[in-house]
Amino acid sequence: NFLLNSPVSDAIISMKNIRSRDYFAAKVRKNKMDCLFCEIIAGNIPSNKLYEDDRVLAFYDINPQAPVHFLVIPKAHIASADAITADNAETVAYIFSLIPALAAKAGLTGGYRVITNCRPDACQSVPHLHFHVLGGAQLADRMA
Ligand code: 5GP
Ligand code: ZN
């Protein structure tokens with residue numbers, strides 16, 4: 001239906017932070033041309049970029065959960081942490097090799113937390129692998 005087939009509505013749904021299992025299930029059935037983060041990589045949806053190269057994009061989260069909150073994503077479409085394999089693990093390692101410099105660039109002198117939410121139990125709302133980097137204040141002791 002219309003709601004599940006429009007990039008604009010995807011963005012609105014995502015911005016409202018609706019995280020229903022039905023929405024996620026619909027999203028994972030779709031191909032990468034319908035993926036919100038692939039659209040951001042393509043430049044079809046604007047983002048506040050922190051860093052970009054040929055393999056990786058880092059951009060600030062539209063709904064920050066800490067004073068500094070950015071996302072680091074591979075440009076290749078990987079659905080979630082569950083889809084990391086020996087074939088794409090090098091990209092994941094490359095992302096982690098960049099995170100210290102990205103955290104420094106974002107001013108995270110006191111430390112930071114790196115999180116990836118995988119599938120519905122973890123409330124993954126965008127089915128394109130992304131690492132949240134959060135900091136800029138003392139974060140909660142509990143993670144969930
Ligand atoms: P997840 O819930 O899948 O772990 O994380 C998805 C993140 O993407 C959320 O923190 C959400 O705020 C962020 N997000 C959703 N849509 C957009 C968008 O259009 N632009 C940006 N910059 N962040 C987004
Ligand atoms: Zn994607």
Side-chain angles (χ1 to χ4, degrees), residues 1-96 98-99 101-108 111-144:
N1 66 22
F2 169 77
L3 264 182
L4 292 173
N5 285 298
S6 153
V8 174
S9 67
D10 283 355
I12 291 167
I13 288 167
S14 192
M15 283 159 58
K16 287 181 175 171
N17 261 342
I18 293 172
R19 290 173 168 171
S20 76
R21 284 165 190 265
D22 286 350
Y23 176 63
F24 182 86
K27 290 292 291 181
V28 296
R29 283 196 295 272
K30 297 168 76 181
N31 68 31
K32 71 176 188 174
M33 293 319 292
D34 298 309
C35 168
L36 174 65
F37 286 174
C38 282
E39 294 289 341
I40 286 176
I41 291 162
N44 298 329
I45 294 172
S47 66
N48 185 6
K49 292 178 186 176
L50 175 66
Y51 173 82
E52 181 170 21
D53 66 23
D54 58 337
R55 282 189 280 171
V56 168
L57 176 66
F59 57 103
Y60 287 97
D61 197 290
I62 204 167
N63 182 25
Q65 304 290 314
V68 175
H69 182 179
F70 62 87
L71 304 171
V72 193
I73 67 175
K75 287 194 169 177
H77 181 88
I78 300 171
S80 76
D82 241 18
I84 297 172
T85 65
D87 286 340
N88 60 28
E90 194 182 332
T91 301
V92 178
Y94 178 59
I95 286 174
F96 274 82
L98 293 174
I99 284 176
L102 298 180
K105 188 177 181 189
L108 297 178
Y112 52 88
R113 181 171 287 159
V114 182
I115 294 172
T116 190
N117 294 317
C118 180
R119 302 202 284 117
D121 277 2
C123 304
Q124 182 181 1
S125 61
V126 180
H128 181 126
L129 180 65
H130 49 285
F131 296 96
H132 299 259
V133 181
L134 302 128
Q138 179 67 59
L139 301 180
D141 195 27
R142 287 175 57 86
M143 285 187 285

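Position 1 is the first residue of the sequence; numbering continues from there. Both counts, for ligands and for their atoms, begin at 1 and track the order of listing. Because the structure is predicted, anything quoted here is derived from the model rather than measured.
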Exercise. Distance-only, no hydrogens or angles: does the His132 side chain make a donor-acceptor pair with backbone N or O of His130 under 3.5 Å?
Worked result: no
For the atom pair [atom1] ([X]) and [atom2] ([Y]), what is the distance rounded to the nearest 0.5 Å?
X      : Y     : atom1 : atom2 : result
Leu134 : His69 : CG    : NE2   : 4.5 Å
Phe37  : Lys75 : CZ    : NZ    : 14.5 Å
Asp53  : Tyr94 : CG    : OH    : 3.5 Å

What I want to know is whether [X] and ligand 1 share at least one N or O pair that is separated by under 3.5 angstrom.
X      : answer
His132 : yes
Ile45  : no
Phe37  : no

For this session: From the options Pro64, Pro46, Ser125, Ser47, select the one whose nearest heavy atom is closest to atom 2 (O) of ligand 1.
Result: Ser125
For this session: Check whether any heavy atom of His130 sits under 4.0 Å from an atom of ligand 1.
Result: yes
Problem set entry | Cys123 near ligand 1 by a heavy-atom separation under 4.0 Å | yes
Exercise. Short list, please: which atoms of ligand 1 are under 4.0 Å from a heavy atom of Val126?
Worked result: 3 (O), 6 (C)
For this session: Any chance you could lay out the ring-ring contact (aromatic ring centres under 6.0 Å, His included) test for Tyr51 and Phe70, step after step, and finish with the verdict?
Result: CA-CA 10 Å; Tyr51 173 82; Phe70 62 87; over 10 Å; no
Exercise. Considering only heavy atoms, does Leu71 approach ligand 1 within less than 4.0 Å through its side chain, its backbone, both, or neither?
Worked result: side chain
